[in-house]
Amino acid sequence: MLRKVLYIDLSKEEIWIEERHDLFEQWMGGTGVGIQLLLEECKPGVDSLSPEAPIILSIGPLNGMFPVATKAVATFKSPLTKELGESYAGGRLHLAMRFAGHEAIVIRGRSNQPSYISINDADVKIKDATSVWGIDAQTVGMILRERETGVGRRSIIRIGPAGENLVRFAGVVVDTYRHFGRLGLGASFGSKNLKAMVISGTEHVDIPDPKRYREVYNKIYRETVQTDAMEKYHDIGTSVNINVLNWLKGLPTKNFQSSSFPEAEKISGEMFADNYLFRRLSCAGCPIGCIHIASLKSPFSKHHEFEVRKVSYDYEPIYSLGSNLGVSSAEGVLELIDTCERLGLDVMSAGVVMSWATEAYEHDLITPQDTMGIPLQWSNVKSYRNVLENIAKISNEFYATLGQGVEYASTKYGGQDFAMALGGNEVSGYHTGPASIVGQMVGVRHSHLDNAGYSIDQKAAKKQLDLEQIVDEIIMEDNYRGIFNSLVGCLFARNVYTEENIILALSAVGLEKTSEQLNDLGVKIFQDKYRFKTREGFNISNQRIPKRFYETVSTLGKIDPEIIKEMLMIYKKKRGWP
Amino acid sequence: MPQNSNAKVLPGKAEPTKIEEKSKKKRRLKVAHPERCIGCLGCMFACSRIRRGSVSLQDSAIKILTRGGLEGDFMVVVCRGCKDPPCVRACPNGALERKPDGNIVFHEELCAGCGKCEKSCLIGAISLCKDGKPIKCIHCGACVDFCPHDVLKLEEVLA
């Protein structure tokens, strides 16, 4: 296996490659390697938008080698939370990095002028992007496709105007429809004058024992396509959860004022699948094809003339731009998702920021002068689209404030009780109970995907779990995901990648690991991430929990603040924290 | 022509690909439903994995191309098994030979790696591997078993 790190210094315009066997042997790849490189590269306390803050992209030993090991991870200092930035993207980036021969890419410095990076195997160039600066994320992809080589095996990742303008929750669009969405990697790109990266390669990977490799591949492939381990993602997709969570009273509605949405049916996964879904796609190397693409057809004249947009949807964007904003039409949701895609905004943070702003507008904390006359009202799609555009453009002081996230905006305008962020990150779409809240608080990147607290809550709804058991589950997931995210697998396949299958797959590519070694690694990765977080000022003991969480009924009923306090205490004790 | 023993059918597919050995008949890979492709590239990985024992996109005889990125349509490129194959005609050294049954045999020792075969094929179904020698579809069907959407089909045609 190639064990190379590609270094690109945009300030000095220097490019070099280092063999880092030590790093990959000890830390496997993906997030394990990512956090080590961040600790090496990022000095304590640097401004997240300064040239001193690096961007690290990494893949792991299973990428390109086994089904559904389809993710690449970005590690950086988050412009949103000012501590650990970690985001995962599917698509083709993992494959392009594998075949270009770079398991990790470190980007340092800042370019003098708008630039993009072109990587073709070991041929790496920093190119002028002046003429595409300001262009939306979708169009710049089209332009670079024509300019660069590697059709069918490349990956094009790029930012939109929001990233250029340093909106703190701007994302990076990966290969159209996939994203490094969360925690503001788009702003990090923008701060480096980096518009895009085009990566392709022609390397191949030799396998120690091809027969053995084929056997293990077949086993994992069979389990992926035949068992029901991934059925949910195959059929209706993640959006099947809209109806499920609505029924369970776990679907955040109108900024978490309610946990069920009377009009959920109209924006349900079933509604999208029956009426708007026209195509499914997969990330390279995944037979499931969970990327659901809707066709949004809107007339622009009375003479049967239509604009047709192809928009990918999932559960989280439908929550954040749908139920949480009171938007009850599928077209409205698609229109807002498409707007975020073009501007290069993270849909989840964008939705939560706007839901807070709507409520703050109702309470007169925000005035029509602030919004430049745009009425902030539930379900008003046209207003929300204008707000998104103004955030990306930073049209005035109010929109500049919104662009720094809901945590910051609520310290300035008030309304902290309903500013729905945990650890400084806008929350995900689950009001399922205490495990979801605690899980997002303690998680390394304050995401529902750190430890799937929402899923533990749903388990607790079916069978009695005491607080200690819930905390144990959170810790187990925290640690396991550190390993799985080092491979780097798609979390949708977590039921396929049991510990046994992980050990088999690693062995088939020549890496012998025991169960004990893996568990040990999972804990170490978690600890090193916390080392970075603490160094940058994160302290679990003084985290704000929005009161709204306690006011609205969840799947597990009303949540008692004392329960959260107790769970945090148990968690800290088990982690050995003061 | 030696059939690839690894091209076994994985259970779970709608119907196993049945090949009945009959004289005067041969197997041909066909793109049955290109519009069902989801771009997983499973077929390309199957080809390089099963034929070459490597993990590679370049070492694959079948190719999935994008037209206009993932927003556009996929193009599935496979060898059509021409009656008068331009790739055979283009080779100055006779490294590609068409047998009476229509199969094309590649004599690696005669190949100089000039790439004329690649240029001769209008649909791009023959291409050079990393080692500079062409990879040519042998219609073994290894890829068929790893297509989750029945885009590909192995069918019998008269020789």
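Per chain, numbering begins at 1; letters A, B, ... match sequence-line order.
Counting heavy-atom pairs under 4.5 Å between each of A:S282, A:G64, A:P287 and chain B puts A:S282 at the top. Ranked by heavy-atom pairs shorter than 4.5 Å toward chain B, the options A:T176, A:T70, A:I291 are led by A:T176. Contacts with chain A were tallied for B:G72, B:C129, B:G42, B:S48; B:G72 has the most, counting heavy-atom pairs under 4.5 Å. With chain A as partner, the option from B:G53, B:C40, B:S56 having the largest number of non-hydrogen pairs under 4.5 angstrom is B:C40.
From B:Q58, atom CD reaches atom CD of A:E203 across 9.5 Å, with rounding to the nearest 0.5 Å. Between B:R52 atom CZ and A:I207 atom CD1 the span is 14.5 Å, to the nearest 0.5 Å. Here the straight-line distance linking atom SG of B:C37 with atom CZ of A:R279 works out to 8.0 Å at 0.5 Å rounding.
Other residues, nucleotides and ligands contribute over 12 non-hydrogen atoms within 6.0 Å of the CD atom of B:E109. The local environment of NZ in B:K130 is crowded, with over 12 non-hydrogen atoms from other residues, nucleotides or ligands closer than 6.0 Å. The local environment of CZ in A:R147 is sparse, with at most 12 non-hydrogen atoms from other residues, nucleotides or ligands closer than 6.0 Å. With a 6.0 Å radius and a threshold of 12 heavy atoms from other residues, nucleotides or ligands, A:K219 has its NZ atom above the threshold.
Of residues 61-71 of chain B, those residues lying under 4.5 Å from chain A by any heavy-atom pair are B:I64, B:L65, B:T66, B:R67, B:G68, B:G69, B:L70, B:E71.
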B:F146/A:N218 under side-chain contact (heavy atoms from CB on, under 4.5 Å): CA gap, chis, key distance, verdict
CA-CA 9 Å; B:F146 289 92; A:N218 288 351; 3.2 Å; yes

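Contact of the B:V55 side chain with the A:V509 side chain is not registered, since no non-hydrogen atoms from C-beta on lie closer than 4.5 Å. Between B:I50 and A:Y217 there is no side-chain heavy-atom pair separated by less than 4.5 Å. When side chains are defined from C-beta on, A:R214 counts as touching B:R49, because their heavy atoms get closer than 4.5 Å. Contact check for B:P148 versus A:Y221: side-chain heavy atoms found under the 4.5 Å cut-off.
The parts of A:R280 that come within reach of chain B are both its backbone and its side chain, each placing non-hydrogen atoms under 4.5 angstrom from that chain. With a 4.5 Å cut-off on non-hydrogen atoms, B:D73 touches chain A through its backbone and its side chain both. Residue contact with chain B, scored on non-hydrogen atoms closer than 4.5 Å, is absent for A:I156.
With sequence neighbours left out, A:K195 forms a side chain to side chain donor-acceptor pair (under 3.5 Å) with A:E164. Among residues two or more places apart in sequence or in another chain, the side chain to side chain contact (heavy atoms under 4.5 Å, CB included) test is passed with B:E118 by B:S127, B:L128. A search for side chain to side chain contact (heavy atoms under 4.5 Å, CB included) contacts involving B:K119 returns nothing, not counting sequence neighbours.
Contact between B:L41 and A:G152 at its shortest, heavy atoms only, is CD1-O, 4.4 Å. Residues B:G39 and A:R92 come closest through the heavy atom pair O-NH2, 3.2 Å. In plain terms, the two heavy atoms of B:F45 and A:F99 that are nearest each other are CE2-CZ, 3.9 Å.
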